[in-house]
Each structure stands twice: as C-alpha cells, then as structure tokens.
Amino acid sequence: MRLKRLLVALLTAALAAVGTVVAGVALASPARAADLNCVYLVKRTAAVKADPAKKAETTDRIRRGDRTLGSCRKYGKEKNWHKVVGTRKLKKGYTRQRNLKRLGTTKQFGL
C-alpha cells in the first residue's frame with residue numbers, strides 16, 4: 001500500500017511537470033521540475049502545511065512509514081522545514097525536518 005502511494009505521488013509529479021513541458025520549458029525530469037529532488041521516509045505522522053510556519057493552514061498529512069518526495073532545500077525562519085508531497089491528498093506543502101529521514105536523491109533512485 002505504501003509503495004502504491006509513492007507511485008501515485010510520482011505519477012502526480014510527472015503529470016504536473018508535463019504541463020510545464022508543453023508550455024515550452026525544457027526539463028530534466030518531472031521530480032526536478034517540481035523541486036522535489038529528495039526521497040524521504042516519514043518518521044512520524046505529521047501535518048503538511050501551506051507555509052513553513054506552525055500556525056499555517058494544514059493542507060495534507062504524511063503518515064509514519066510512508067515514503068514521499070520533497071525538496072532537499074530547507075525553508076522557514078529557522079531553516080527546519082522541507083517542501084514535500086502529502087500522502088493522503090497528494091498536495092504539496094511544508095513539514096518539519098524532524099518528521100523526515102532522507103533516503104537519498106531522486107537521481108540515486110532513478111527518478
């Protein structure tokens with residue numbers, strides 16, 4: 001089931017990038033186009049926020065044990081947030097770094 005969610009997330013990122021390619025922008029890969037160039041293991045269930053702040057609106061959730069794509073870059077005032085794809089609604093947002101364990105880059109996984 002978790003692998004299925006990761007594949008759906010990858011497919012969603014690929015479909016989102018196709019629209020950009022059609023617009024005339026040459027892209028290396030769908031994951032890189034969306035700035036999702038790292039693969040993470042979710043260490044604990046957490047909220048995916050609209051902005052990198054505690055009080056921001058929750059747009060999605062990530063579940064413990066899932067794998068998700070995210071940005072390797074850090075965001076927020078203290079630089080302790082990462083942009084990720086939620087595992088329920090597959091919406092992009094931000095979650096705290098402490099909720100994630102980096103498994104590698106999309107290039108290492110062949111994505």
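Y75 and L36 fall into different hydrophobic clusters, defined by Ile, Leu, Val, Met, Phe, Trp and Tyr side-chain heavy atoms under 4.5 Å apart, directly or through other members.
Across every non-hydrogen atom of A50 and A56, the tightest pair is N-CB, 4.4 Å.
Remark: R67 CZ to F109 CZ distance equals 8.0 Å, nearest 0.5 Å. We find the SG-NZ distance between C38 and K83 to be 13.0 Å, quoted to the nearest 0.5 Å. Separating the CZ atom in R88 from the CG atom in D66 is a distance of 10.0 Å, to the nearest 0.5 Å. In this structure, NZ on K92 lies 10.5 Å from CG on L69, to the nearest 0.5 angstrom.
A donor-acceptor contact shorter than 3.5 Å links the side chain of S71 to the backbone of R73.
Looking at heavy atoms from C-beta onward, R61 lies out of side-chain contact with T87 at the 4.5 angstrom threshold. Between K49 and K54, the closest side-chain pair of non-hydrogen atoms is not below 4.5 Å. Taking 4.5 Å as the limit, every side-chain heavy atom of T105 sits out of range of all side-chain heavy atoms of N37. The side-chain heavy atoms of V84 and V48, taken from C-beta on, include a pair separated by under 4.5 Å.
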Candidate pair V42 and T68, rule side-chain contact (heavy atoms from CB on, under 4.5 Å), full reasoning: CA-CA 7 Å; V42 179; T68 187; 4.2 Å; yes

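Within a 6.0 Å sphere centred on NZ of K43, other residues, nucleotides and ligands contribute more than 12 heavy atoms.
Close placement of the Y40 and H82 rings is indicated, their centers lying within 6.0 Å of each other.
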What side-chain donor-acceptor pairs closer than 3.5 Å can you find for residues 93-104, not counting sequence neighbours?
residue: T95; atom: OG1; partner: A47; partner atom: O; Å: 3.2
residue: T95; atom: OG1; partner: N99; partner atom: ND2; Å: 3.1

